[in-house]
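Worksheet: the structure to be examined is printed underneath.
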Amino acid sequence: MQALTQRSKIVSNKKMTFLERIYLPAILGGVVITIKHMFQRSATVRYPEKEREFSEIYRGQHVLKRDDNGAERCTACGLCAVSCPAEAITMVAEERKKGEEKLYREEKYAATYEINMLRCIFCGLCEEACPKEAIFLTDRIVVTDYGRDSFIYGKDKLVEPIDQRVDVSKRQTKEVLEFKKQKQLTHNK
Amino acid sequence: MMSIFIFKVILVVAVFAISLFMAAYSTYAERKVAAFMQDRIGPDRAGPFGLLQPLADGLKLFMKEEIIPTISNKFLFVLGPCLFMITALMTGAVIPWGDTLTFGGVSYALQITDINIGILYVFGVVSIGVYGIMIGGWASNNKFSLLGAIRASAQMISYEIAMGFSIIALVMMTGTLSLKEISVFQGGGVDGHWNFWNVVYQPFSFLIFIICAFAECNRAPFDLPECETELVGGYHTEFSSMKLGLYLFAEYINMFISSAIISTLFFGGYNFPFMHDLGLDANMITILGTVALFTKIVFFIFFFMWIRWTIPRFRYDQLMNLGWKGLLPLSILNLVITGAVILYFNK
């Protein structure tokens, strides 16, 4: 039979020599290794004081984007909830009333939109499914807490504030940016 | 007379306090050494460099709920940790922590009591320590505890023999059981004499002694009585709160005391090289000697930790093999050779 890798070793059951049996040379070798490590730089990052640099496409806490005029992009189509493998997303849709054009971009919007951060696996499929570029994962970390209830994030935590826009340009791939240039599509109007 | 009495009381309290202090900071040092050897930082949140960590740990243990299992033997359950702690603290009484200090014509020996059977006393007290583990493990009425306790007692008994034999070789050489006299025997530069540390004359004895000391302290690689992977927590599985604290603490005190005994028996105790050639005041030499002793002790505590974080645990049969078939014959051989050499040179 052909070997799967070249790394396999033939096991031998040979008797240990005297030096091996008294352990001391081996222990001496081990002791030298550990003392060397005493003077090596530790790999620890003291987290709350110092944050490591995140990957450009880090998938952290979600954000519900607004469009350039400040209206919510989400139309409560439910595709994100359908695509979610962890079933973390729930929403209630509502029709836009007169006078709310400034608040919501299209005729339908999400009255409640909840993500259970304990169920979420941060796979990013919701973001991929969203036809309106409303939901994105960001490089923010979901903060820890003692209770479970506080991990269900509603619109108050998910929708970006108008004056504090969340930059998601890094999460938009080349294909998406290329697609957005095609102005004849209704999506990009 | 009265001043000596007061001095002794102060010394007893001081040794007690220092033992506890060393034990507390050994826990901190253990975690730091482990961290450094594994390229980590270790505890650094409580105080500067985490120096208040032992206090935080102690407070945590005090605040924990105290659980005594209903099916346990309550009296023995409480007695176990107490006994272990008492025996751990008792050994400090015969160790010479320094030479004599002289104030106003009265000389004060920095040793609580210099009994002429010092080593024998230490061995006696240490072997009582086994009862602390055995009683605690048995009284818990728990299989894991009992197994841990049995392992501990079997291990301590089998390693005590080799340890004793290795010491007999040393005693034959020095001709005394008193730890003070053994220390003096290793003093450098008395009347132009050059005495070396005992480790120079008895390297094998030292090797056997330190291996047995690891086993006696239940330290890695011989920490079978409490090996987490097999026995949950070993003999202290059922213990909680400060009773667990006493067990853990006593173990570190044991480590401190064994380091002190190793330093005294083999590494010159409170003597340091050139101590009489520097032309220092006698009191100054005593103080420096105590500092030297503590430096040695700290080194050996570090050595204990160093070994712990280097070597994996022995299997139980390997442990017994090493003890009975390896160390015991070797120590007897060492004894015979020492005897022959002494006989040859004295004639």
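Proteins get letters first, then strands, A, B, ... in listed order; numbering begins at 1 in each. These figures come from a predicted structure and were not determined experimentally.
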Count the heavy atoms of every other residue, nucleotide or ligand shown that sit under 6.0 Å from CZ of A:Phe136, and state whether that count exceeds 12.
yes
Using non-hydrogen atoms only, which part of A:Tyr23 is less than 4.5 Å away from chain B: side chain, backbone, both, or neither?
side chain
Chain A contacts: which residues in residues 318-339 of chain B have a non-hydrogen atom closer than 4.5 Å to it?
B:Gln318
Could you tell me the separation between the CG atom of A:Leu24 and the CD1 atom of B:Ile211, rounded to the nearest 0.5 Å?
6.0 Å
Of all the residues in residues 148-160 of chain A, which have a heavy atom that comes within less than 4.5 Å of a heavy atom in chain B?
none
Roughly how far, to the nearest 0.5 Å, is the CZ atom of B:Phe36 from the CD atom of A:Gln40?
13.0 Å
So does A:Glu95 have more than 12 non-hydrogen atoms from other groups sitting under 6.0 Å from CD?
no
May I ask you to check whether over 12 heavy atoms, not counting those of A:Gln6, lie within 6.0 Å of atom CD?
no
A quick test of your reading: do over 12 heavy atoms of other residues, nucleotides or ligands sit less than 6.0 Å from CZ of A:Arg52?
no
Can you tell me which portion of B:Ile311 sits under 4.5 Å from chain A's heavy atoms? Options are side chain, backbone, both or neither.
side chain
With a 4.5 Å limit on heavy-atom distance, are the side chains of B:Ile307 and A:Val31 in contact?
yes
Within a reach of under 6.0 Å around CZ of B:Phe49, are more than 12 heavy atoms found that belong to other residues, nucleotides or ligands?
no
Can you establish whether the number of heavy atoms outside A:Ile57 located under 6.0 Å from its atom CD1 is more than 12?
no
For A:His37 and B:Met37, the nearest pair of non-hydrogen atoms, with its separation, is CB-O, 3.3 Å
Donor-acceptor check, side chain of B:Trp309 to backbone of A:Thr34, threshold 3.5 angstrom: yes or no?
no
Mark yes when over 12 heavy atoms from residues, nucleotides or ligands other than B:Tyr316 sit less than 6.0 Å from its OH; otherwise mark no.
yes
If you round to the nearest 0.5 Å, how far is CG of B:Asp39 from NZ of A:Lys36?
13.0 Å
A:Ile35 versus chain B, heavy atoms under 4.5 Å apart: side chain, backbone, both or neither?
both
On a heavy-atom basis, the closest approach of B:Arg40 and A:Ser42 is O-CB, 3.4 Å
Gap between atom CE of A:Met38 and atom NZ of B:Lys32 - 0.5 Å precision:
10.5 Å
Portion of B:Phe303 that has a non-hydrogen atom of chain A nearer than 4.5 angstrom
neither
